[in-house]
> 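To start, I am sharing the structure in question, which I have written as structure tokens.
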Amino acid sequence: MGLTHDARLDRIEAYYDCAPRAVATVEQVGPFTLFVADEGTGWQFYARPRLGGGHTFTPDDVCRVLERQRELTVPLAIEWVEQVTPSLLPAVRGAGHEPHRYPLLVMPADVAVAPDPRARPLEPAEPHLSLALGSVSAGFSERDEVEPKDPGRHPEMMERGDLVVVASFEGNRLCGAGSAAPRGDVAELMGIAVPPGHRGRGHGTAITSSLVAAARERGVEVVFLSAGSDAAASIYRRVGFVDLGTACVLGIDD
């Protein structure tokens with residue numbers, strides 16, 4: 001039996017519509033909202049179903065938004081939650097594409113999560129920020145060589161409270177990092193990564209726990225994430241996350 005609709009999905013869907021707007025322009029393309037990242041952010045965005053639209057999607061809708069992304073020379077990408085917009089998966093498949101499907105997990109409000117002493121939130125101006133962002137890139141690229149990464153607009157967003165970056169350490173050695181993007185009382189955890197040479201020592205769990213704790217300190221009630229793999233999902237479940245739905249991600253190399 002599949003997962004049934006949960007009221008928290010509505011709050012998460014509203015969050016998905018809100019979060020990119022801090023650093024993106026927005027365009028309506030049929031039943032989709034297309035987010036186009038501002039220059040200098042270092043991020044790439046996507047199209048999502050229009051919030052509260054209730055539209056039954058067709059393959060033509062999918063082709064139209066992908067064509068608009070081609071015209072704008074931005075990534076061909078659509079993201080949605082299967083339980084919120086069930087008609088989009090068959091429409092995407094009808095347009096000849098197969099999306100990735102990832103577990104969407106949420107931290108129950110009654111589960112206590114303490115910060116791990118190895119991991120801490122970074123300050124916007126501290127030198128560790130560039131190294132933390134580089135460690136995330138290294139972790140996702142499956143390499144141990146970490147090159148500091150230009151923080152771009154990260155410090156500005158951290159100052160505003162739109163972004164929290166947590167790094168885990170062994171002594172003075174940075175071993176991985178991740179971030180949370182609070183918007184009101186909802187926050188998504190994202191970009192949690194540990195380079196291969198530092199894995200197996202609990203840094204992923206330390207980063208995740210400390211991000212949850214930091215978000216809650218800022219008044220967040222709903223903390224969620226999409227797990228990129230079964231191995232990642234198992235780490236998050238050990239911290240206390242539970243499955244809520246399925247995040248669908250279509251990315252096309254054109």
> Rounded at 0.5 Å granularity, tell me how far OG in S179 sits from CG in L189.
8.0 Å
> Are the side chains of V23 and F45 in contact, using a 4.5 Å heavy-atom criterion?
yes
> R218: which residues meet the salt bridge (Lys or Arg N to Asp or Glu O under 4.0 Å) condition with it, sequence neighbours left out?
none
> Give a yes or no on whether M190 and F241 share a hydrophobic cluster (residues Ile, Leu, Val, Met, Phe, Trp, Tyr; joining criterion: side-chain heavy atoms under 4.5 Å apart).
no
> Check the hydrophobic clustering (I, L, V, M, F, W, Y; side-chain heavy atoms under 4.5 Å; chains of links allowed) and say if V81 and L51 are grouped together.
no
> Donor-acceptor pairs are to be reported for all side-chain atoms of residues 223-235 against protein atoms at under 3.5 Å, with residues two or more places apart or in another chain.
unit_1 : atom_1 : unit_2 : atom_2 : d
S229   : OG     : A232   : N      : 3.1
S234   : OG     : A231   : O      : 2.6

> Holding to side chain to side chain donor-acceptor pair (under 3.5 Å), I want the full list of residues that pass it with D144, two or more places apart in sequence or in another chain.
none
> Applying salt bridge (Lys or Arg N to Asp or Glu O under 4.0 Å), name anything that partners R153, two or more places apart in sequence or on another chain.
D38, E156
> For the CD atom on E67, are there more than 12 heavy atoms of other groups (residues, nucleotides or ligands in this structure) within a distance under 6.0 Å?
yes
> Excluding sequence neighbours, so at least two apart, what forms side chain to side chain donor-acceptor pair (under 3.5 Å) with T85?
none
> What residue pairs, at least two apart or across chains, pass salt bridge (charged side-chain N to carboxylate O under 4.0 Å, His left out) with a residue in residues 40-55?
E13-R48
> Using a 3.5 Å distance criterion without hydrogens, assess whether the side chain of S135 forms a donor-acceptor pair with backbone atoms of C175.
no
> Excluding sequence neighbours, so at least two apart, what forms side chain to side chain donor-acceptor pair (under 3.5 Å) with E126?
R120, H128
> Under a 4.5 Å side-chain heavy-atom rule over Ile, Leu, Val, Met, Phe, Trp and Tyr, are V242 and V186 clustered together?
yes
> Are the side chain of D17 and the backbone N or O of A14 linked by a donor-acceptor pair below 3.5 Å?
no
> Give a yes or no answer on whether the side chain of R183 reaches the backbone of Y15 with a donor-acceptor pair at less than 3.5 Å.
no
> Output, in order, the C-alpha distance, side-chain angles, deciding distance and verdict of salt bridge (charged side-chain N to carboxylate O under 4.0 Å, His left out) for E71 and R68.
CA-CA 5 Å; E71 292 172 357; R68 180 56 180 155; 3.0 Å; yes
> Not counting sequence neighbours, which residues clear side chain to side chain contact (heavy atoms under 4.5 Å, CB included) with E145? List them please.
R143
> Any side-chain to backbone donor/acceptor pair from R199 onto V194? Under 3.5 Å, distance only.
yes
> Quick one: name the residues clustered hydrophobically with V136, using the 4.5 Å side-chain heavy-atom rule over I, L, V, M, F, W, Y, and just say none if it's on its own.
F140
> Taking L105 as the starting point, is it possible to reach V113 by hopping between hydrophobic residues whose side chains are less than 4.5 Å apart?
yes
> Can you name the residues that form a side chain to side chain contact (heavy atoms under 4.5 Å, CB included) with P155, not counting sequence neighbours?
P124, L129, P151
> Is the CD atom of E142 crowded by more than 12 outside heavy atoms at less than 6.0 Å?
yes
> Please tell me if the side chains of H55 and D61 come closer than 4.5 Å, counting only heavy atoms from C-beta onward.
yes
> Would you mind listing every salt bridge (charged side-chain N to carboxylate O under 4.0 Å, His left out) that reaches into residues 98-108, with sequence neighbours excluded?
E82-R101, R93-E98
> Can you check whether V84 reaches I12 side chain to side chain, under 4.5 Å on heavy atoms?
no
> Which residues pass the side chain to side chain donor-acceptor pair (under 3.5 Å) test with H203, not counting sequence neighbours?
S168, E170
